[in-house]
2 protein chains.
Amino acid sequence: MFRFNKDMEYALISLVEMSRQKEFQLLSARELSQRYAIPFKLLARILQKLSTDGLIKSVKGPMGGYRLNEQPENIRVSRILMAVRGEERIADCMSPGGDCAQDKIGCIIKPLIQVFQDKWVSFVENTTLDEFTGSNGNG
Amino acid sequence: MFRFNKDMEYALISLVEMSRQKEFQLLSARELSQRYAIPFKLLARILQKLSTDGLIKSVKGPMGGYRLNEQPENIRVSRILMAVRGEERIADCMSPGGDCAQDKIGCIIKPLIQVFQDKWVSFVENTTLDEFTGSNGNG
DNA sequence: AGTAATACTACTAAATAGGTAGTATTAACG
DNA sequence: CGTTAATACTACCTATTTAGTAGTATTACT
Ligand code: FES
Ligand code: FES
């Protein structure tokens, strides 16, 4: 609960790495997979999602690979989440029209859940990739 | 990923309900279980965790049950999380001494993960139960 | 033609979440 | 003192989600 999963971790690693490439220089799934010991096919699938979204650009064939399609300062964490995981809420009842079983008497914790949801959305909307690419703490 | 699970949902419902009881009045697991259609044994186990933590007080025997052991304004969400789930981070590498596989070259996304971790902790530390007990939005 | 890259889909394994069951302990009440 | 209704604890099972594997198709450089 409330944990980054591997897909997001791999997506973030890939995007940060790409942001460090020289402009228009491509980075292949194979290269990333080996550099970070990430299962190749798994990583490829994630990169394809980022590509479908338009966050990154893909080039097929030998010498192909991926590169960022946006400036890091324009890449919001919310967009990465959307590309990799699709639309997601912190609880089912936060979906449009969604609700839990206690609708008759009114759910007593919905306001609480809503506060979490709003804060979360605000956070991922206001956090961009470039905030992290500069400082490379070891660890 | 980043979703409330049932345990937390049930814990929150229980705590908010207790905060609405008259002072020192007990609420039993059976009553809560029926009122919210929550599996009894499952709910009982969660309440026992809250009791072990000291968040709520338990009374055994007929006429027994649970009541809040703290003022709602002193119950931080972080404490509820700790009682129900134990120590948890948004990623393994956020644990003391923890790290991902890329320690040689320095993990490029650790600063990013750290930002999330810090913001998250700050949020759950600064959010208390009483912020929600007043407004009971239906839905 | 051969090869090295992405694209797509189906499947499997591992981990987590959610729920069930049974027994022990405690205390009110007749 | 026995019955009963409550919490306390532990083991187990099932369902869902996460993580990883496999195979094939497509594209384009050489
Ligand atoms: S409506 Fe969200 S938990 Fe009840
Ligand atoms: S140290 Fe946290 S993902 Fe690398």
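Note that the structure is a prediction, hence the values are computed from the model and not measured. Letters A, B, ... mirror the listed sequences (proteins, then strands); counts begin at 1.
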Interface with DNA chain D, restricted to residues 62-70 of chain A and to heavy atoms under 4.0 Å: A:Pro62
How long is the line joining CD1 of B:Ile46 and C1' of C:dG19, in whole Å? 10 Å
How far apart are the C-alpha atoms of A:Tyr36 and A:Tyr10, what are their side-chain angles, what is the distance that settles it, and do they pass the ring-ring contact (aromatic ring centres under 6.0 Å, His included) test? CA-CA 9 Å; A:Tyr36 288 97; A:Tyr10 298 158; 9.4 Å; no
Could you say whether A:Arg45 or A:Ser28 is positioned toward the 5' end of DNA chain C, judged by the nucleotide with the nearest heavy atom to each? A:Ser28
Value for CE (A:Met82) from CZ (A:Arg76), rounded to nearest 0.5 Å, stands at 14.5 Å
I want to verify a distance call: between D:dA8, C:dT20, C:dA17, whose nearest atom is closest to the B:Ser58 side chain? D:dA8
Is there a side-chain contact between A:Tyr10 and the phosphate of D:dT18, meaning an N or O under 4.0 Å from OP1 or OP2? no
Base, sugar-phosphate, or nothing for B:Lys41, non-hydrogen atoms under 4.0 angstrom? base
According to the interplanar angle, ranging from 0 to 90°, do the rings of A:Phe2 and B:Phe2 count as parallel (below 30°), tilted (30 to 60°) or perpendicular (above 60°)? tilted
The reported gap from CD in A:Gln21 to CG in A:Leu27 (rounded to nearest 0.5 angstrom) is 4.5 Å
Write down the distance between CG (B:Asn5) and C1' (C:dG18), rounded to a whole number of angstrom. 9 Å
Roughly how many Å is it from CG in A:Leu43 to C1' in D:dA19, rounded to a whole number? 13 Å
Heavy atoms only, 4.0 Å cut-off, all strands: where does B:Arg85 land among base, sugar-phosphate and nothing? sugar-phosphate
Nearest whole Å is fine: how far is D:dA5 P from B:Lys60 NZ? 17 Å
Please report the distance, rounded to the nearest Å, between CD in B:Gln48 and C1' in C:dT23. 13 Å
Expressed as a whole number of angstroms, how long is the span from B:Lys49:NZ to D:dT7:P? 17 Å
Between B:Glu87 and B:Arg89, is there a side-chain N and carboxylate O pair less than 4.0 Å apart? yes
Run the salt-bridge test on B:Asp7 and B:Arg45 with the 4.0 Å N-O cut-off and return the result as yes or no. no
Rounded distance (Å) that lies between atom C1' of D:dA11 and atom CG of B:Leu42: 15 Å
Have a look at A:Phe4 and say if it touches a base, only the backbone sugar-phosphate, or nothing, with a 4.0 Å heavy-atom cut-off. nothing
Using atom CG of A:Leu27 as one end and atom C1' of C:dA5 as the other, report the distance to the nearest whole Å. 13 Å
Between D:dT7, D:dG20, C:dT20, spot the one nearest the side chain of B:Phe40, thanks. D:dT7
A:Arg79 vs A:Glu70, test: salt bridge (charged side-chain N to carboxylate O under 4.0 Å, His left out). Steps then yes/no. CA-CA 12 Å; A:Arg79 181 162 174 196; A:Glu70 308 273 3; 3.0 Å; yes
